[in-house]
Amino acid sequence: MRAEAEEFIRLHHAENPAAGDPQVRTAAVLAEIEATGTYVHTPAELAHGARVAWRNSNRCIGRLYWRSLQVRDRRHISDADGVAAEAVGHLRQATNGGRIRPVITVFAPDAPDRPGPRIWNEQLVRYAGYAGGPGTGTEPGSVVGDPRNAGLTDLALRLGWPGGPGTPFDLLPLVIEDGDGKPRLFELPPDSVMEVQLQHPEESWCEGLGLRWHAVPAIANMCLEIGGVCYQAAPFNGWYMGTEIGARNLADTDRYDLLPRVADHLGLDTASDRSLWKDRALVELNRAVLHSFDRAGVTVTDHHTESRRFLTHIDREGRHGRGVGADWSWIVPPISGSATPVFHRTYDTAESRPAYVHHPEAAARARGEFDL
Ligand code: ARG
């Protein structure tokens, strides 16, 4: 922790001259670590650390606006009820009537004698996935809802969740733990979750499919690591890029798997891959996502715009003397990659801190891998 703390204080002071003498702050931090086993970030360090962690997210194409991240300092909150209430407050602040604002809420960090709280859900808003099989009236292997969340749905049911109405888009409750290893459930108030019903600009059958998606992608189970301190509960959000929904969540065969239905409605020949029916269905599904978000007045970006912005980001960072690490396989959009400028170049893959990191235990919890 000492080395990571020193490095972070150096970075913070180099980028924020108003923070004062780095040597004075470093000495104080090292003394605090010596005495308590950890140290407390100033509000300015926390805010800058959270923003730089976004700047350092090699998989994120949307980093141009990293400085605009709104930081809600809730480090005094560590109980599950408080975390749940503030998670709802986070959604309201981020949703902002549809003009989505990038927001992070930072709860109590892990301390040597006392782990901080944890949110088990992968995101604050997730749709249940009910597994079929004996006694469910649906086939084994089939899932009603989002198969990605089948594990967490099963865990919520085992924890006593009565289940939702049984639609493909039932909101999961939050699963939150104080740090004691005992998860508790909290339903999201429906009015805290904005959703967009999908329709297509020309194809009227689309609305009849009853598709929808939530407005705010708020990652809830990544750890914010700043200067050796672990903030396990620090949900953060940006706004959606349409392809995340139209080319992945609704289209992947292990998610909503909607391309065959869309292609049928479009009257495409699905007998052979070489008709490119999947490609054509993907484009129309993505048009429906962008059109619907626009009509609903909900912020969404498209992959062409965001690709250009990302190159602007690289230029701007370069002018500040900073390189931009990036993971090509995540940055290039899942459709029409070669039609975007981010495809036609390579990136430095080096990772920097502060950072948002996946802890393997957190990923396992989000899959519902937990014995009651
Ligand atoms: N891909 C994830 C999803 O579809 C969200 C990841 C974060 N995305 C963002 N635009 N900030 O839910």
Side-chain angles (χ1 to χ4, degrees), residues 50-51 53-70 90-91 93-96 98-105 119 121-129 145-150 152 168-169 171-172 188 193-196 198 211-224 234-258 282 285-286 288-290 292-293 298-307 309-310 313 326-327 329-335 340 342 355-358 362-363 366-367:
R51 292 180 182 127
W54 183 7
R55 189 176 86 197
N56 287 337
S57 297
N58 286 7
R59 294 172 166 185
C60 176
I61 193 174
R63 286 178 271 170
L64 179 62
Y65 302 112
W66 66 270
R67 283 176 192 280
S68 73
L69 180 66
Q70 297 185 0
H90 177 125
L91 283 176
Q93 182 170 329
T95 304
N96 187 31
R99 286 195 50 147
I100 310 296
R101 300 187 274 222
V103 174
I104 184 169
T105 302
I119 301 172
N121 311 62
E122 175 187 44
Q123 292 189 27
L124 296 182
V125 182
R126 293 276 79 176
Y127 294 123
D146 193 343
R148 184 174 178 97
N149 307 317
L152 196 78
F169 300 99
L171 294 178
L172 275 171
L188 290 169
V193 180
M194 184 176 273
E195 293 178 277
V196 176
L198 294 201
L211 306 178
R212 55 207 283 147
W213 204 257
H214 52 92
V216 177
I219 305 292
N221 71 342
M222 290 182 84
C223 179
L224 167 59
F236 61 87
N237 74 278
W239 51 75
Y240 264 116
M241 182 161 88
T243 55
E244 298 182 84
I245 302 165
R248 302 298 312 278
N249 302 345
L250 296 178
D252 280 2
T253 53
D254 59 354
R255 300 291 298 284
Y256 282 82
D257 192 19
L258 284 163
L282 270 169
L285 194 50
N286 278 274
V289 169
L290 293 173
S292 307
F293 272 65
V298 175
T299 310
V300 69
T301 187
D302 66 84
H303 48 295
H304 301 288
T305 304
E306 214 52 37
S307 294
R309 283 186 188 151
F310 186 64
H313 171 62
D327 180 338
S329 71
W330 277 70
I331 295 296
V332 172
I335 54 170
T340 67
V342 293
Y356 297 102
V357 301
H358 278 295
R367 289 193 301 269

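Just so it is clear, the model here is predicted, and its values are computed rather than measured. Atoms considered below: every heavy atom in the structure, side chains included; atoms not considered: hydrogens, waters and symmetry mates. The residues of the chain are indexed from 1 along the displayed sequence. First listed ligand is number 1; within each ligand, the first listed atom is number 1.
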Original post:
Are any of the heavy atoms in R148 under 4.0 Å away from ligand 1?
Top reply: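 False for this residue.
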Original post:
Does R248 have a non-hydrogen atom less than 4.0 Å from ligand 1?
Top reply: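 No heavy atom of R248 comes that close to ligand 1.
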Original post:
Y356 vs F236 aromatic rings, parallel, tilted or perpendicular, using cut-offs 30° and 60°?
Top reply: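 The arrangement is tilted - the two ring planes meet at 30° to 60°.
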Original post:
Side chains of N121 and R126: do they bring a donor and an acceptor to under 3.5 Å?
Top reply: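 No - no donor-acceptor pair under 3.5 Å links their side chains.
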Subject >> Pair N286-H303, side-chain donor/acceptor within less than 3.5 Å >> reply: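 Short answer, no.
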Subject >> atom 7 (C) of ligand 1 [closest protein heavy-atom partner, distance rounded to 0.1 Å] >> reply: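 Checked against all protein heavy atoms, atom 7 (C) of ligand 1 sits closest to E244 OE1, 3.5 Å.
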Original post:
For Y65, which of W54, F310, W239 qualifies under ring-ring contact (aromatic ring centres under 6.0 Å, His included)?
Top reply: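 Only one of W54, F310, W239 forms a ring-ring contact (aromatic ring centres under 6.0 Å, His included) with Y65, namely W239.
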Original post:
Is a salt bridge present between D254 and R148, judged by a nitrogen-to-oxygen distance below 4.0 Å?
Top reply: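 Here D254 does not pair with R148 in a salt bridge, since their nearest N and O are not under 4.0 Å apart.
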**OP:** Please step through side-chain contact (heavy atoms from CB on, under 4.5 Å) for the pair I61 and T301, ending with a clear verdict.
**Re:** CA-CA 11 Å; I61 193 174; T301 187; over 6 Å; no
Original post:
Is it the side chain (CB and beyond), the backbone, both or neither of R126 that lies under 4.0 Å from ligand 1, heavy atoms counted?
Top reply: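 For R126, the contact with ligand 1 is made by the side chain alone.
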Can you list the atoms of ligand 1 that are under 4.0 Å from a heavy atom of [X]?
{"X": "N249", "result": "3 (C), 4 (O), 12 (O)"}
{"X": "Q123", "result": "2 (C), 3 (C), 5 (C), 12 (O)"}
{"X": "Y240", "result": "3 (C), 4 (O), 10 (N), 12 (O)"}
{"X": "W239", "result": "9 (C), 10 (N), 11 (N)"}

